[in-house]
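Take a look at the structure set out below.
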2 protein chains.
Amino acid sequence: MKSIPLPAIRRYPLYLRRLKAYRMGGTLWVSATMLAEDLGFSSILVRKDLALTGLEGRPKYGFSIDPLIGAIEESLGWNNRTDAILVGAGNLGSALLGYSGFAQYGLEISAVFDSDPAKIGTKVQGVPVFPMEKLTDFIGRTHIPMAVLTVPAESAQRTAEQLEDAGIRGIWNFAPAKLKLSDKVVVQRVDLASSFAELSSRLKKDQT
Amino acid sequence: MKSIPLPAIRRYPLYLRRLKAYRMGGTLWVSATMLAEDLGFSSILVRKDLALTGLEGRPKYGFSIDPLIGAIEESLGWNNRTDAILVGAGNLGSALLGYSGFAQYGLEISAVFDSDPAKIGTKVQGVPVFPMEKLTDFIGRTHIPMAVLTVPAESAQRTAEQLEDAGIRGIWNFAPAKLKLSDKVVVQRVDLASSFAELSSRLKKDQT
DNA sequence: ATTATATCGATATATAGGTATCGATATTGA
DNA sequence: TCAATATCGATACCTATATATCGATATAAT
């Protein structure tokens, strides 16, 4: 099982969406050429990405859709369910909980933790909210591997350390802060500022 | 004014955050080495990124913080205010509106548009909600350059076309859909699925 | 005054990832 | 049956970006 380069991994969800859309329309075969045109990539790139799944295509036809979907999902680990907790039930946290699309990735958020006493005991989007004091114990008991971090920037580092100590293995970090943790924990950052910086820059360049 | 590579642009907001934190602490000078250690980058990379702003450092001292902040903000275009509208006042849209950090980037959301009649006339996080029918007219009158797109995937393409026709120049797309527009419009995608794919993959690799 | 040191900045090198080329193969249509 | 075609898959190439090396410079310490 050779490792797939990250840029390809990041494109996989795009392929999956298109493939599932084709599938809904009743299509059974898809070529790298077709996918490439729909997504605005070069067909060579797509062909290479698909080859990384280990699947073989068929000249003149392309790839059989169902096995392809399966292969991509397996490459991503999305064929198995991943349990997670969410820490920080603010605006963004609630919005993420309300997004039903996560189920597609196998992501299942089973508990929410927050420091605000007013929220404890309530439910956000159907998921119960627990106090931060119960965090360590909960992770220890359930061996939940992943945490979605949606706390304010100021408390991000502190909370992340708490998560690490409790034994969490992956953190999806939405807080605008760079976390410094041991490399036992995988941290994936979603940085809106970086994204907006790119947009600003491209717009600026465009108008010159 | 030579163009700065996108990977550097994406790192600029991280530098800015650190620099402002130093500034708060009263520090006046910062070296590429220090920034690099705090952010987990190589010092050579940071030095090169900073050089791209056009500023000169001082041996043994590094860079003077205030001019550096200014230079980075100017490179990003964040010293000028960017007006934008937000389309789609759902969970995510409201959460983004509630995030006060955008002001730091010069981003100012002045109006919200939504197709739900129940929301028209109300305010979300203090910003008034207008019906979709008024979208084209509003953009035409105000010449607002940017739109934040937080509608469901199904209506993303349709709405984006409407935005293009109305004359929008940049779209910050949070909908899980690849937009097909003319290249007159700059589209910046925030794809949670791609981000989660990367996290899944790194976690999987890690446990082997 | 002289030496040691931390940093910058320029040049050179390495690597990852994307792109182009081309032969091989299966299917379609004449 | 045979030619035309669309695709795959392997190899080779190219470009962007990150990393390494090294001399230059200003400050601080001796």
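Residue numbers begin at 1 in each chain, while the letters A, B, ... track the order of the sequences.
- When each of A/Pro59 and A/Leu6 is assigned the nucleotide of DNA chain C bearing its nearest heavy atom, the one mapping closer to the 5' terminus is A/Leu6.
- Proximity of A/Arg47 to the phosphate of C/dG18: no side-chain N or O atom is located under 4.0 Å from OP1 or OP2.
- Heavy-atom contacts of chain B under 4.0 Å fall on DNA chain D between two terminal nucleotides, which in 5' to 3' order are D/dT17 to D/dA28.
- Ion pairing of A/Lys20 with A/Glu73 is present here, as a side-chain N (NZ or NE/NH1/NH2) and a carboxylate O approach within less than 4.0 Å.
- Between B/Ile144 and B/Ile168, the closest heavy-atom pair is O-CD1, 3.4 Å.
- Side chains of B/Tyr99 and A/Asn91: a donor-acceptor N/O pair is absent below 3.5 angstrom, by distance only.
- In this structure B/Ser195 satisfies the side-chain hydrogen bond (donor to acceptor under 3.5 Å, both in side chains) test together with A/Trp172, sequence neighbours excluded.
- Cation-pi check for A/Lys178 over B/Phe41 is met; the charged atom lies under 6.0 angstrom from the ring centroid and within 45 degrees of its normal.
- At a non-hydrogen distance threshold of 4.0 Å, A/Ser31, A/Ala32, A/Thr33 from residues 13-42 of chain A come into contact with DNA chain D.
- In this structure, B/Ile44 reaches the bases: a heavy-atom distance under 4.0 Å links it to at least one base atom across the strands shown.
- Between B/Arg47 and B/Asp49 there is no salt bridge, since no side-chain nitrogen of the basic residue lies less than 4.0 Å from a carboxylate oxygen of the acidic one.
- Between A/Asp191 and B/Arg17, at least one side-chain nitrogen of the basic residue sits less than 4.0 Å from a carboxylate oxygen of the acidic one, meeting the salt-bridge criterion.
- Between B/Arg169 and B/Glu164 there is no salt bridge, since no side-chain N of the basic residue sits under 4.0 Å from a carboxylate O of the acidic one.
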